[in-house]
Structures are given as C-alpha cells and as structure tokens.
Amino acid sequence: MKRVVVGLSGGVDSSVAAYLLQQQGYEVIGLFMKNWHDDSVTISNECPWLEDSNDALLVAEKLGIPFQTVDLSEEYKEKIVDYMFNEYEKGRTPNPDVLCNREIKFDVFMKIALSLGADYVATGHYCQKSEIEVNGETVYQLKAGADTNKDQSYFLCQLSQEQLAKSLFPIGELTKPEVREIAAQMDLITAEKKDSQGLCFIGKVRLPEFLQQKLQPKDGLIIQIDKNNPVYNLGKQEGLTLEEDLASDARKIPYTPEMGKVVGKHQGAHYFTIGQRKGLNVGGTTDPLFIIATNVVTNTIYTGLTSQHPGLFRKSLFIEKSEVHWIRKDLALANGQTMEIMARIRYRQPLQKAVVHQFENGMYVAFDEPQSAITEGQFVAWYLEDELVGSGVIS
C-alpha cells in the first residue's frame with residue numbers, strides 16, 4: 001500500500017484531495033504547514049493559521065487519517081520572506097506563491113513527507129500530471145487543470161522532474177463546483193469555506209501593509225508621462241541582428257523626471273508595481289493613472305493615463321541564462337534554437353502566442369501581440385498545448 005502525505009491547508013481543495021486519495025486506496029497522512037507566526041507584522045488580531053489548522057484537524061478526524069502540524073516558519077522566513085524584501089528593495093516584484101511551491105511545499109515539506117516513509121506528496125492544486133517515455137526514460141508532464149477557470153499550473157512552473165515524480169494532484173481533473181459537492185456529500189467542515197486571499201503564508205495580510213512594516217517609507221514624486229512623448233516613437237534601428245532586435249523590444253525605457261509633469265507624491269517606490277492603478281491617490285485626472293515604471297534608486301514613480309498607455313506595453317522579455325527553467329529538460333533549447341509556444345506572464349492571464357529564442361546569455365520570449373505590464377521578478381511560463389514545459393524569471 002502506497003503512503004501519501006497530503007498538505008492539508010484547512011481549505012476545501014486539500015480536504016477533498018485527501019478524501020479522493022483515501023478512496024483510491026492510498027494510506028493517507030495529513031500534514032498542516034505552519035509557515036508564519038511573526039506577530040509583529042500581522043495587521044489584524046485574526047489568527048488565520050490557528051483557524052486553518054483546526055479545520056485541517058477536523059477534516060483529518062472525519063476521514064480517520066493521522067494528522068500533525070509541522071512548523072516551517074524558520075525556512076519560510078529565510079527562503080521566502082527575506083527573498084521578497086530583497087526583491088522589493090531592488091524594485092522587482094517577486095511571486096511568493098511560485099516560490100512557496102518550489103522552496104517549501106515541494107522541497108522542505110516534501111523532504112519531511114519522505115522522511116515519514118511517504119511515496120508521494122499530494123496537494124489541492126488544480127493541475128494534472130501525466131507521464132510519457134522519452135528515449136526509454138520516464139518523463140513527467142505538468143498539465144493544466146481540467147477547470148480552466150481555476151487552472152493553477154502556473155504556480156508550479158518552477159518544479160523539477162524529481163519533484164513531479166513524487167507529486168500527486170488528485171483534484172486536477174475536477175472543477176471547483178465538483179470539489180465543493182464532494183466535500184458537502186462527505187460533510188467536511190471546509191465544504192463552504194471561502195478561498196483564501198492574500199499572501200500564501202500570512203493569511204489575511206495585504207501586501208502593502210506587510211511591506212510597510214519592513215521597508216521604510218520615504219517621500220518621492222509621481223510623474224505623469226504623456227502618451228505622445230517622443231520616447232515612444234523612436235522606431236527601429238536598421239541592420240540589427242535578431243538578438244539585438246529582441247533586446248531592443250525587451251528593454252525598459254529609461255524615464256527621467258524631465259520627460260513628464262509632477263502629479264503627486266508617494267511614500268516609497270518599492271511599494272508599487274508596474275500596471276498598478278490603486279493606491280496612488282492622485283485626483284483630478286480624466287482617466288485612471290497606471291504605473292508604467294518605478295525607479296527605486298531615485299525613488300520616482302512614472303505613470304500614464306489609461307490601460308492603453310504605450311508605456312505599459314512591450315513585445316518581448318528577457319530571462320537570464322541561470323533563470324531559464326525547463327520542466328521538460330528533454331525539450332530544452334540549444335543556443336540559436338527557437339520554439340513556438342503559448343505563454344503567460346501572470347496567473348490567470350489567457351495564454352499568448354509567442355516564440356522563445358535561446359541565446360548564449362539567456363532567452364528572449366517574443367510575443368505576437370505587445371503585452372501589458374511585463375514585470376521584473378515575476379515568472380513567465382510557457383506551454384505546448386495544455387502542458388507547462390518551462391518558465392523563467394523576467395529580468
């Protein structure tokens with residue numbers, strides 16, 4: 001009998017995952033990960049992890065499976081929280097959920113599970129796993145969840161073959177309503193529970209408040225750049241190589257305050273991210289202002305009117321060589337090779353047609369259509385049909 005450890009989060013998805021595995025004849029153990037207990041940065045007196053671990057315990061009791069809590073807050077602080085602050089200080093926008101899966105759930109947590117004699121680790125992610133043979137070797141595929149509305153493959157874009165080999169995603173072929181229905185039939189306490197919002201580890205904390213407690217506020221200017229600014233009509237240089245051409249499409253425009261007009265003040269450029277429109281508190285504009293760039297060195301925020309402002313769009317992005325990650329190593333490109341793929345630069349973005357180009361120092365992802373708010377530090381993931389084959393950090 002195969003033993004599987006389920007990460008019970010206290011939500012409906014992982015509860016049903018545990019039940020389904022039990023139905024499939026696995027010996028199931030429930031483990032709740034406690035990732036956070038630094039009370040100095042929780043902004044409310046709600047204590048979500050206590051409530052969640054209690055729900056997880058009740059589900060385990062209902063299913064009659066062993067249950068324990070593991071405290072991973074040390075590893076969490078070091079691998080996720082510290083990394084996030086470093087990234088924000090550099091003016092990049094990290095994705096804690098992608099990292100949490102790569103560094104915690106499918107690494108630290110997986111090692112604990114295997115030390116308990118588990119054959120697999122299971123989570124309540126909406127994605128699917130399959131396997132194929134390539135040159136006589138088993139290769140694992142990470143595929144989108146059957147519920148296209150809920151597909152969470154993007155969050156697992158940094159997993160490796162070794163991690164996938166030991167992973168199970170029992171609810172991947174179900175839709176959310178089907179999952180809730182199973183939970184209701186089984187009378188699980190989590191059946192009606194709302195999906196969690198906020199960071200994957202701080203429960204009900206909103207990111208800006210969280211950052212404000214660690215990164216010092218400092219006053220800076222908000223500059224508005226006109227959409228007809230000549231910087232947007234520079235046109236292409238003649239006689240560029242393909243690589244230079246892609247680099248020119250991917251580069252950030254070097255804004256300076258003289259290019260626009262001051263429309264307000266802010267509390268620190270590192271609290272803001274490209275494409276953001278809330279929280280600027282600039283009144284009196286005909287259309288909403290969107291952030292088109294931030295500069296943490298000069299502590300300046302650059303904005304433009306409307307979601308169609310040219311400063312928001314770019315046709316390609318670059319991934320440094322060390323940040324290119326293939327789940328399907330057998331498909332990895334050699335220098336000079338290209339591949340037609342579908343890609344997304346954020347969770348829930350519809351897949352976009354693109355071509356990846358591998359060069360000596362890294363990879364370019366060139367989109368058919370210009371993309372809005374390509375953001376440094378975020379992940380781009382690329383797919384062949386419904387299979388996620390690789391990903392990388394946008395540089």
Side-chain angles (χ1 to χ4, degrees), residues 1-35 49-72 75 100-102 104-131 138 140 142-143 145-147 150 152-153 155-156 159 162-193 195-196 200-201:
M1 195 178 192
K2 295 269 189 192
R3 177 180 294 177
V4 58
V5 167
V6 180
L8 283 181
S9 67
V12 67
D13 299 331
S14 60
S15 306
V16 171
Y19 166 70
L20 292 173
L21 290 165
Q22 204 181 25
Q23 292 301 296
Q24 290 161 23
Y26 288 97
E27 178 199 346
V28 180
I29 297 172
L31 228 53
F32 177 83
M33 279 177 272
K34 181 179 171 191
N35 290 330
W49 75 262
L50 265 177
E51 192 187 310
D52 288 342
S53 69
N54 199 37
D55 288 347
L57 172 64
L58 291 169
V59 166
E61 282 178 348
K62 179 91 183 177
L63 297 177
I65 60 176
F67 174 79
Q68 68 186 65
T69 297
V70 288
D71 188 338
L72 303 182
E75 291 90 339
C100 172
N101 286 317
R102 182 182 82 190
I104 303 290
K105 288 181 191 156
F106 295 90
D107 185 15
V108 179
F109 182 75
M110 185 173 263
K111 285 175 180 138
I112 292 171
L114 299 176
S115 76
L116 295 173
D119 298 287
Y120 297 104
V121 161
T123 60
H125 282 102
Y126 286 86
C127 62
Q128 304 182 75
K129 167 185 153 179
S130 51
E131 47 187 81
T138 303
Y140 297 96
L142 175 65
K143 295 190 166 176
D147 185 338
K150 272 298 207 200
Q152 290 174 310
S153 56
F155 290 131
L156 303 175
L159 296 194
E162 294 69 40
Q163 289 169 315
L164 273 177
K166 299 276 183 200
S167 305
L168 296 173
F169 308 111
I171 62 167
E173 61 254 27
L174 300 174
T175 63
K176 186 78 185 204
E178 289 170 328
V179 166
R180 286 210 185 274
E181 194 170 313
I182 292 171
Q185 282 167 0
M186 283 305 297
D187 202 19
L188 299 177
I189 189 163
T190 52
E192 298 299 313
K193 195 168 169 180
D195 289 353
S196 63
C200 67
F201 57 96

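The analysis underlying the following values was restricted to heavy atoms, covering all of them including side chains, and did not include hydrogens, waters or symmetry mates. All of these numbers come straight from a predicted model, not from anything done at the bench.
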Ring pair (Phe, Tyr, Trp, His ring centres under 6.0 Å) with Phe155: which residues, sequence neighbours excluded?
Tyr347
Given the rule in the side chain to side chain contact (heavy atoms under 4.5 Å, CB included) test, do Val70 and Val108 qualify, once you have shown the distances and angles that lead to the verdict?
CA-CA 11 Å; Val70 288; Val108 179; over 6 Å; no
Would the distance check show the side chain of Lys129 and the main-chain N or O of Ala165 forming a donor-acceptor pair, the cut-off being under 3.5 Å?
yes
Which pair of non-hydrogen atoms, one from Asp119 and one from Lys166, has the smallest distance, and what is that distance?
O-CD, 3.5 Å
Is the backbone N or O of Tyr126 less than 3.5 Å from a side-chain atom of Gln152, with the two atoms forming a donor-acceptor pair by type?
yes
Heavy-atom nearest pair, Gly10 first then Asp55, reads O-CB, 3.9 Å
Using 0.5 Å steps for rounding, measure from the OH atom of Tyr19 to the CD1 atom of Ile65.
13.0 Å
Between the CG atom in Leu174 and the CD atom in Glu181, the distance rounded to the nearest 0.5 Å is 10.5 Å
Before you tell me yes or no, could you show the steps for Asp107 and Gln163 under side chain to side chain contact (heavy atoms under 4.5 Å, CB included), namely the whole-Å CA-CA distance, both residues' side-chain angles and the distance that decides it to 0.1 Å?
CA-CA 8 Å; Asp107 185 15; Gln163 289 169 315; 4.3 Å; yes
The residue among Asp13, Ile182, Thr123, Val12 that forms side-chain contact (heavy atoms from CB on, under 4.5 Å) with Ile171 is Asp13
Kindly determine whether Ile189 and Lys62 satisfy side chain to side chain contact (heavy atoms under 4.5 Å, CB included), including the steps that lead there.
CA-CA 9 Å; Ile189 189 163; Lys62 179 91 183 177; over 6 Å; no
Just by distance, with hydrogens left out, do Ser53 and Thr69 show a side-chain donor and acceptor under 3.5 Å apart?
no
Nearest-0.5 Å distance, CZ of residue Arg180 to OG1 of residue Thr190:
8.5 Å
Roughly how far, to the nearest 0.5 Å, is CE of Met33 from CD of Glu75?
11.5 Å
Classify the ring geometry between Tyr26 and Tyr120 as parallel (under 30°), tilted (30 to 60°) or perpendicular (over 60°).
perpendicular
Where is the tightest heavy-atom contact between Ala17 and Gly124, given as atom of each residue plus distance?
CB-CA, 4.3 Å
Return the minimal non-hydrogen interatomic distance between Ser153 and Leu142, and the atom names on each side.
O-CD2, 4.0 Å
With sequence neighbours excluded, tell me which residues meet side-chain contact (heavy atoms from CB on, under 4.5 Å) with Ala113.
Val5, Ala118, Val121
Looking at residues at least two apart in the chain, or sitting in another chain, which of them share a side-chain hydrogen bond (donor to acceptor under 3.5 Å, both in side chains) with Asp147?
none
Specify whether Phe32 and Phe67 have parallel, tilted or perpendicular ring planes, treating 30° as the upper limit for parallel and 60° as the lower limit for perpendicular.
tilted
Could you grab the distance from atom CD1 of Ile29 to atom CG of Leu21, nearest 0.5 Å is fine?
12.0 Å
Taking every non-hydrogen atom, the tightest pair across Leu188 and Ser15:
CD1-CB, 4.0 Å
If we ignore hydrogens and angles and just use 3.5 Å, is the side chain of Gln22 paired with the main-chain N or O of Leu63 as donor and acceptor?
yes
What heavy-atom pair brings Ala56 and Leu8 nearest, and what distance separates the two atoms?
O-CD1, 3.7 Å
Distance from Leu31 atom CG to Leu116 atom CG, nearest 0.5 Å?
6.5 Å
CA sep, side-chain torsions, deciding dist, call: Val4, Glu27, side chain to side chain contact (heavy atoms under 4.5 Å, CB included)
CA-CA 6 Å; Val4 58; Glu27 178 199 346; over 6 Å; no
SB check Asp195 Lys176 (cutoff 4.0 Å):
yes
